[in-house]
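Working notes, beginning with the structure itself.
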Amino acid sequence: AMENYRLFLSLLLLALSLGFVSVVFVLRWVLHFREGLGWDGGAAEFNWHPLLIIIGFIFLQGIAIVVYRLPWTWKCSKLMMKFIHAGLNVLAFILAAISLVAVFDFHNTQNIPNMYSLHSWVGLTAVILYSLQIVLGIAIYLLPVSPVPLRAAFMPLHVYSGLFIFTSVIAAALMGITEKLIFGLKDPKYKDSPPEATFVNVLGLLISVFGGLILWIATRPSWKRPNEQL
Ligand code: ASC
């Protein structure tokens, strides 16, 4: 049990470090390699999109997914942990929504078409499913109205749906990163492997490994909150 606990802490620390480094990497991408941040209808406004998605939709959502696994919270009330889980997800949703306003506003100002890419289809679908997941999650598990049999019956779908949405966000982020490198790198081009291309490829790997670790931690039955090994 002790070795298992140390493995849990090691993987959690590794995941949190990778998530934090991913945020540092996307900040360096937009501030050092790109045009910085602004709200002017130009490239600096677009740059809020990758930054807020990685902070919210990837890092905060990842933490929200494993928050019930933290052993030092097992003495906290379940209701308190539900508020933290829901609160982190709502915060991530708000950041994702702001990041979408930034891209649509950038596109409309620059006369770039909206919603033509696979990145945009997968990404917007994930945001829509996420809003549904949050509304249903609050209605079924947070408000003291739904009966326990409904809570139990819906739990496998809630868990699966959450992991599916999180995985879709990682996939959408990788597509978005790839698109942006192909669109944005002109001379030298992406295929010429300039420093920005290598740096941002590494960001994609960091996000993927972060996602893999969160999925692993969340799916270990023995790391669940006691009395919830359902
Ligand atoms: C809840 C809660 C759980 C589940 C369980 C049904 O509201 O706190 O652990 O639903 O009762 O799976």
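Counting convention: from 1, in listed order, for ligands and their atoms alike.
- Per-residue contacts place Lys78 under 4.0 angstrom from the following atoms of ligand 1 (heavy atoms of the residue considered): 2 (C), 3 (C), 8 (O), 9 (O).
- Inspection of the Asn47 and Trp29 side chains reveals no N or O donor paired with an N or O acceptor under 3.5 Å.
- Atoms of ligand 1 found under 4.0 Å from any heavy atom of Tyr141, numbered from 1 in the order shown, are 1 (C), 7 (O), 10 (O).
- By the criterion of a heavy-atom distance under 4.0 Å, the side chain of Met155, and not its backbone, is placed next to ligand 1.
- Annotation: Trp121, atom CH2; neighbour count of heavy atoms from other residues, nucleotides and ligands within 6.0 Å does not exceed 12.
- Annotation: His85 is not in aromatic contact with Tyr141 [ring centroid separation under 6.0 Å not met].
- Atoms of ligand 1 found under 4.0 Å from any heavy atom of Lys82, numbered from 1 in the order shown, are 1 (C), 2 (C), 7 (O), 8 (O).
- Both tests hold for Lys78 against Tyr68: distance to the six-membered ring centre under 6.0 Å, angle to the ring axis within 45°.
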Given the rule in the side chain to side chain contact (heavy atoms under 4.5 Å, CB included) test, do Met155 and Ile140 qualify, once you have shown the distances and angles that lead to the verdict?
CA-CA 10 Å; Met155 186 50 77; Ile140 295 175; over 6 Å; no

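- The atoms of ligand 1 that sit less than 4.0 Å from any heavy atom of Ala152 are 6 (C), 12 (O).
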